[in-house]
Every structure is written in structure tokens, then in C-alpha cells.
2 protein chains.
Amino acid sequence: MKKNTTTMSNIELDRKTERFIARCRANGLKVTPQRIAIYRGLVDTDEHPSAEMLHEKVKKVFPGISLDTVNRTLLTLSEIGAASVVEGSGDARRFDGDSEKHQHFKCVQCKRIVDFHHKAFDRIKVPVGIARRFTILSKSVYLEGICDLCRRR
Amino acid sequence: MKKNTTTMSNIELDRKTERFIARCRANGLKVTPQRIAIYRGLVDTDEHPSAEMLHEKVKKVFPGISLDTVNRTLLTLSEIGAASVVEGSGDARRFDGDSEKHQHFKCVQCKRIVDFHHKAFDRIKVPVGIARRFTILSKSVYLEGICDLCRRR
DNA sequence: TTTGTAAATAGGAGTAGCTACTATATAGTA
DNA sequence: TACTATATAGTAGCTACTCCTATTTACAAA
């Protein structure tokens with residue numbers, strides 16, 4: 001019996017793959033078998049894998065693939081909106097000593113992090129289902145974009 | 001003339017330092033000059049420094065201090081609530097291929113990331129001042145805590 | 001179908017950021 | 001003042017990521 005790590009039907013997966021291929025072409029990206037394998041590996045799980053984890057998975061169908069290719073491809077997918085980075089930036093950990101409640105905006109270009117405080121964001125309510133299932137220690141609202149200084153060029 | 005990287009008066013800074021010392025004692029942590037220097041360096045800026053950046057800064061008043069001490073101390077401060085990590089986890093970057101709108105909960109113990117979707121979180125509104133100043137590319141609500149599986153022990 | 005070429009890949013080397021280890025030093029306590 | 005648990009400095013090691021180069025490949029144009 002085959003171990004099932006699948007989160008959707010093959011039909012659904014194929015449909016997504018089709019749309020992914022279209023998206024690649026729309027962005028002038030070549031459709032390589034490696035890219036498709038990585039995309040399918042990523043979409044067909046809800047584990048939020050790291051590049052390393054996906055590399056292991058994709059190697060089973062594509063033994064020669066390199067970790068660098070997986071990493072590079074994942075970043076490319078993020079750029080065209082076919083994937084997203086949900087944790088970790090690859091950059092150094094950044095600290096804040098301000099204990100007042102506030103939120104952060106991060107510039108994706110210069111990596112500057114700007115504080116702001118919007119009271120409504122302090123008050124967002126965690127849905128009951130989540131609050132029951134998990135012990136919530138922190139909740140935060142996080143914005144990303146281009147900052148005023150970078151936009152000025 | 002002294003370059004001014006200060007964000008608050010010396011009086012304010014000293015008051016914060018006092019409270020920090022009390023907090024250390026309350027948590028059974030020793031009050032070392034290094035710890036104080038690191039704390040003051042962190043609080044007296046709004047740059048959200050990395051360990052490396054703070055290390056450079058603290059070295060000016062404390063030449064022999066090691067990067068490891070800065071890193072370790074910052075994590076310690078985070079544990080007692082005197083600081084927080086605002087970006088980067090030290091762990092590997094994690095990806096998501098689900099393009100549907102949703103939010104994430106991350107377990108601080110097992111690092112598992114769980115998707116959930118709460119429509120109200122899709123609709124949070126960015127304050128006008130921020131929207132005018134920055135080009136917002138993404139907004140997200142992020143929860144951290146202990147997951148059901150980890151709590152069961 | 002063939003050919004040209006810009007893009008992608010494999011493999012490996014290099015780098016940055018973090019962590020573990022050990023000997024020494026020090027804060028807090030009795 | 002002496003004791004002990006904790007913290008630090010210095011170093012070595014590890015992991016995640018990025019860069020480099022030669023080779024291969026997708027795909028456009030002939």
C-alpha cells in the first residue's frame with residue numbers, strides 16, 4: 001500500500017499544474033520538468049515545507065535534482081505568486097525592545113522594519129475554534145511592501 | 001559633537017533600565033553589565049537590529065563582548081518579555097503553495113504551521129496614514145502558541 | 001525539423017547566522 | 001569573605017542559503 005501524503009485528487013492537482021504552467025508562460029519563465037515537480041510537491045502537501053524538506057520529496061521522482069534548484073525555484077514561484085514564504089526570511093533574526101503594543105511594516109526592498117500602532121489591530125479577535133484548539137501566546141498583524149524611501153527612486 | 005542615535009531621553013532610558021533590572025531579578029537572572037549594555041542598546045533605537053548590528057553597537061562601550069553573548073542575551077530577553085523577535089526565526093524558510101487566502105498559526109514548540117481561514121482577517125483594513133506612506137503588497141495575521149498535540153503532554 | 005540562444009540546472013565552493021562547547025570570570029548569597 | 005550557580009569569551013562546528021561555472025535544455029525563429 002502506498003503511503004498517502006496527498007491533500008487533493010490527481011484531477012485537482014493536474015488542474016493546478018495546468019494553471020501553473022500558464023502562469024509560468026505569462027511571466028516568461030521556461031517550463032522545466034524540475035519546476036513542475038517542485039510545484040507539484042509543494043502544492044500537494046499542507047506541511048509548509050522548507051527547501052530541504054521539499055528537496056527530499058522531489059528527489060524520489062527526480063533523483064539528480066539539486067537543493068539549490070529547489071531553493072531558487074521556490075523563490076521564483078514566490079515572485080510570480082505561485083507560492084509564498086510563510087516563515088523565515090533567510091535573513092538574520094531581528095529584535096525589538098519596545099514592549100508597547102504595536103505592529104510592523106517591512107520594506108521588501110531595503111528590509112527596513114517600521115513600527116506603527118493601529119489600535120484596531122490590537123483588538124483583533126481570534127476565532128473560537130482556534131482559541132479552543134490551541135493556546136494562543138501571541139497574535140500579530142504584519143504588513144509588507146515598498147517603503148516611502150525606496151519608492152522615491 | 002556626538003552623533004545622536006538616541007530615541008529617548010536619558011531619564012527615560014534609565015527608568016526603563018531600572019524596570020529591566022527588576023524584571024531580571026524577578027526571573028532569577030543575574031544582572032550583568034553586558035546584559036544591561038545589550039538591553040540599553042536595543043531599547044535606545046528603533047532600527048530593529050540583528051544580533052550582529054547590536055554587537056557592533058555594544059562593542060563601542062564594551063569592546064570585548066562576543067557575538068554569541070549578544071545573541072544568547074537577546075533570546076533570553078525575549079523569554080522574559082523584555083524584547084521580542086520581529087523578523088526571522090533562525091530556522092529555515094518555509095513555503096506554502098496554497099494560493100487561497102488564509103492565515104497561519106505556528107506552534108512554538110514543534111514548529112508546526114497550521115493553516116486556518118477566518119474571513120474577518122481577510123478584511124482587516126490598513127490605516128490610511130500607512131497606506132499613503134507605503135505601497136502595501138501583503139498584509140497578514142499571524143498567531144503563535146502551543147498546538148493541540150504539544151499541549152497533550 | 002533544425003538551429004541558435006537565453007534561461008535553467010547540477011555540483012560544488014563559499015558565506016552568514018546561529019549554536020554548542022569549554023575554560024574562565026563574576027553576580028548574588030550565606 | 002568565600003562559595004556556587006550562572007554568565008561570558010573565544011572558538012569550533014553546523015545549517016541554511018547563495019554564488020559561481022560548466023553544461024544542458026526549453027522554446028523561438030529559420
Side-chain angles (χ1 to χ4, degrees), chain A residues 17 20-39 41 48-80 82-83 85-95 111, chain B residues 17 20-39 41 48-80 82-83 85-95 108 111 113:
Chain A
T17 306
F20 170 65
I21 290 173
R23 180 169 238 160
C24 282
R25 296 207 201 281
N27 286 275
L29 295 180
K30 291 185 175 171
V31 179
T32 64
Q34 289 93 332
R35 237 167 224 174
I36 292 176
I38 292 165
Y39 175 77
H48 305 87
S50 62
E52 165 68 27
M53 287 157 80
L54 253 180
H55 184 222
E56 285 307 313
K57 187 174 174 183
V58 174
K59 260 203 294 197
K60 284 172 190 161
V61 276
F62 224 107
I65 199 164
S66 77
L67 174 60
D68 184 44
T69 295
V70 176
N71 230 323
R72 212 174 355 85
T73 300
L74 286 170
L75 293 177
T76 305
L77 299 201
S78 302
E79 273 166 27
I80 65 168
V85 179
V86 293
E87 176 68 23
S89 55
D91 302 316
R93 195 154 43 196
R94 303 274 287 274
F95 295 89
K111 318 247 165 173
Chain B
T17 306
F20 169 66
I21 290 174
R23 181 169 236 160
C24 283
R25 296 205 201 283
N27 286 274
L29 296 180
K30 290 185 175 171
V31 179
T32 65
Q34 289 93 333
R35 236 166 225 176
I36 293 176
I38 292 165
Y39 175 77
H48 306 88
S50 63
E52 167 67 27
M53 288 157 79
L54 254 180
H55 184 221
E56 285 308 314
K57 187 175 176 185
V58 174
K59 260 204 292 197
K60 285 172 191 161
V61 277
F62 225 108
I65 199 163
S66 75
L67 174 59
D68 184 44
T69 296
V70 176
N71 228 324
R72 211 174 356 83
T73 300
L74 286 169
L75 293 176
T76 306
L77 299 200
S78 303
E79 272 166 26
I80 64 168
V85 179
V86 293
E87 176 67 23
S89 56
D91 301 315
R93 197 154 40 196
R94 303 274 287 274
F95 295 88
V108 295
K111 319 247 164 169
I113 296 170

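Throughout, protein chains are lettered first and strands after them, A, B, ... in sequence-line order, and every chain is numbered starting at 1.
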Study note, to complete from the structure: To the nearest angstrom, the CG-P distance between B:Leu77 and D:dA7 comes to 11 Å
Practice item. Examine distances only and state if a side-chain atom of A:His55 and a backbone atom of A:Ile65 form a donor-acceptor pair shorter than 3.5 Å. Key: yes
Review point. Between C:dT15 atom P and A:Asp91 atom CG, what is the distance in whole Å?
Key: 18 Å
Check your understanding: Do the side-chain N or O atoms of B:Arg93 get closer than 4.0 angstrom to the phosphate oxygens (OP1, OP2) of D:dT18?
Key -> yes
**Study point:** Contact nearer the 5' end of DNA chain D, comparing B:Gly90 with A:Pro33
**Key:** B:Gly90
Could you go over nucleotides 27-30 of chain D and give all protein N or O partners under 3.5 Å, atom names and distances?
| residue | atom | partner | partner atom | Å |
| --- | --- | --- | --- | --- |
| D:dC27 | OP1 | A:Arg25 | NH1 | 2.9 |
| D:dC27 | OP1 | A:Val31 | N | 3.0 |

Review point. Using the C1' atoms of five pairs at each end, what's the angle between the two axes of the helix from C:dT1-D:dA30 to C:dA30-D:dT1, to 10 degrees?
Key: 40°
**Study point:** Least distance between heavy atoms, A:Val58 atom then A:Ile38 atom
**Key:** CG2-CA, 4.0 Å
Review point. Taking only residues two or more places apart in sequence or in another chain, which ones pass side-chain hydrogen bond (donor to acceptor under 3.5 Å, both in side chains) with B:Thr69?
Key: B:Ser66, B:Arg72
Check your understanding: Do B:Leu29 and B:Arg35 have side-chain heavy atoms sitting under 4.5 Å apart?
Key -> yes
Practice item. Decide yes or no for B:Gln34 and B:Phe62: does some side-chain heavy atom of the first lie under 4.5 Å from some side-chain heavy atom of the second? Key: yes
Exercise for review: Scan B:Leu74 against the nucleic acid and name what it touches under 4.0 Å (heavy atoms): base, sugar-phosphate only, or nothing.
Suggested key: nothing
Practice item. For residues A:Leu74 and A:Val70, determine if any side-chain heavy atom of one lies less than 4.5 Å from a side-chain heavy atom of the other. Key: yes
Practice item. To the nearest Å, give me how far apart CG (B:Asn27) and C1' (D:dA7) are. Key: 16 Å
Practice item. Give a yes or no on whether a donor-acceptor pair under 3.5 Å exists between the nucleobase atoms of D:dA16, that is its base, and the side chain of A:Asn71. Key: no
Review point. Which atom names give the shortest non-hydrogen contact between A:Ser78 and A:Val85, and what distance separates them?
Key: OG-CG2, 3.9 Å
**Study point:** Length of the NZ-C1' vector between B:Lys111 and D:dA16, whole Å
**Key:** 14 Å
Check your understanding: Where the side chain of A:Asn71 meets the backbone of A:Leu67, is there a donor-acceptor pair that is under 3.5 Å apart?
Key -> no
Review point. Taking CD from B:Glu52 and C1' from C:dT15, how many angstroms apart are they, rounded to a whole number?
Key: 13 Å
Exercise for review: Would you mind reading off the distance between B:Asp68 atom CG and D:dA9 atom P, rounded to a whole angstrom?
Suggested key: 9 Å
Review point. Reckon A:Arg72 has a side-chain N or O less than 4.0 Å from the OP1 or OP2 of C:dT9?
Key: yes
Practice item. For A:Leu75, answer base if it contacts any base atom (sugar-phosphate contacts may also be present), sugar-phosphate if it contacts only those atoms, and nothing otherwise; contact means non-hydrogen atoms under 4.0 Å. Key: sugar-phosphate
Review point. Considering only D:dC17, C:dT9, D:dC20, which nucleotide approaches the side chain of A:Ala51 most closely?
Key: D:dC17
Check your understanding: Between B:Ile65 (CD1) and D:dT11 (P), how many Å, whole number?
Key -> 16 Å
Practice item. Check whether any side-chain N or O of A:Thr69 sits under 4.0 Å from OP1 or OP2 of C:dT9, and answer yes or no. Key: no
Check your understanding: Hey, does the side chain of A:Arg35 come within less than 4.0 Å of C:dA8's phosphate (OP1/OP2), counting only N and O?
Key -> yes
**Study point:** Whole-Å gap separating C1' (D:dA7) and CD1 (B:Ile21)
**Key:** 16 Å
Point to revise | Donor-acceptor pair, side chain of B:Arg94 and main chain of A:His48, under 3.5 angstrom | key: yes
Point to revise | Toward the 5' end of DNA chain C, by each residue's nearest nucleotide, B:Leu67 or B:Gln34 | key: B:Leu67
Revision key, fill the gap. Shortest non-hydrogen pair, B:Ser89 vs A:Gly88, comes out as OG-CA, 4.2 Å
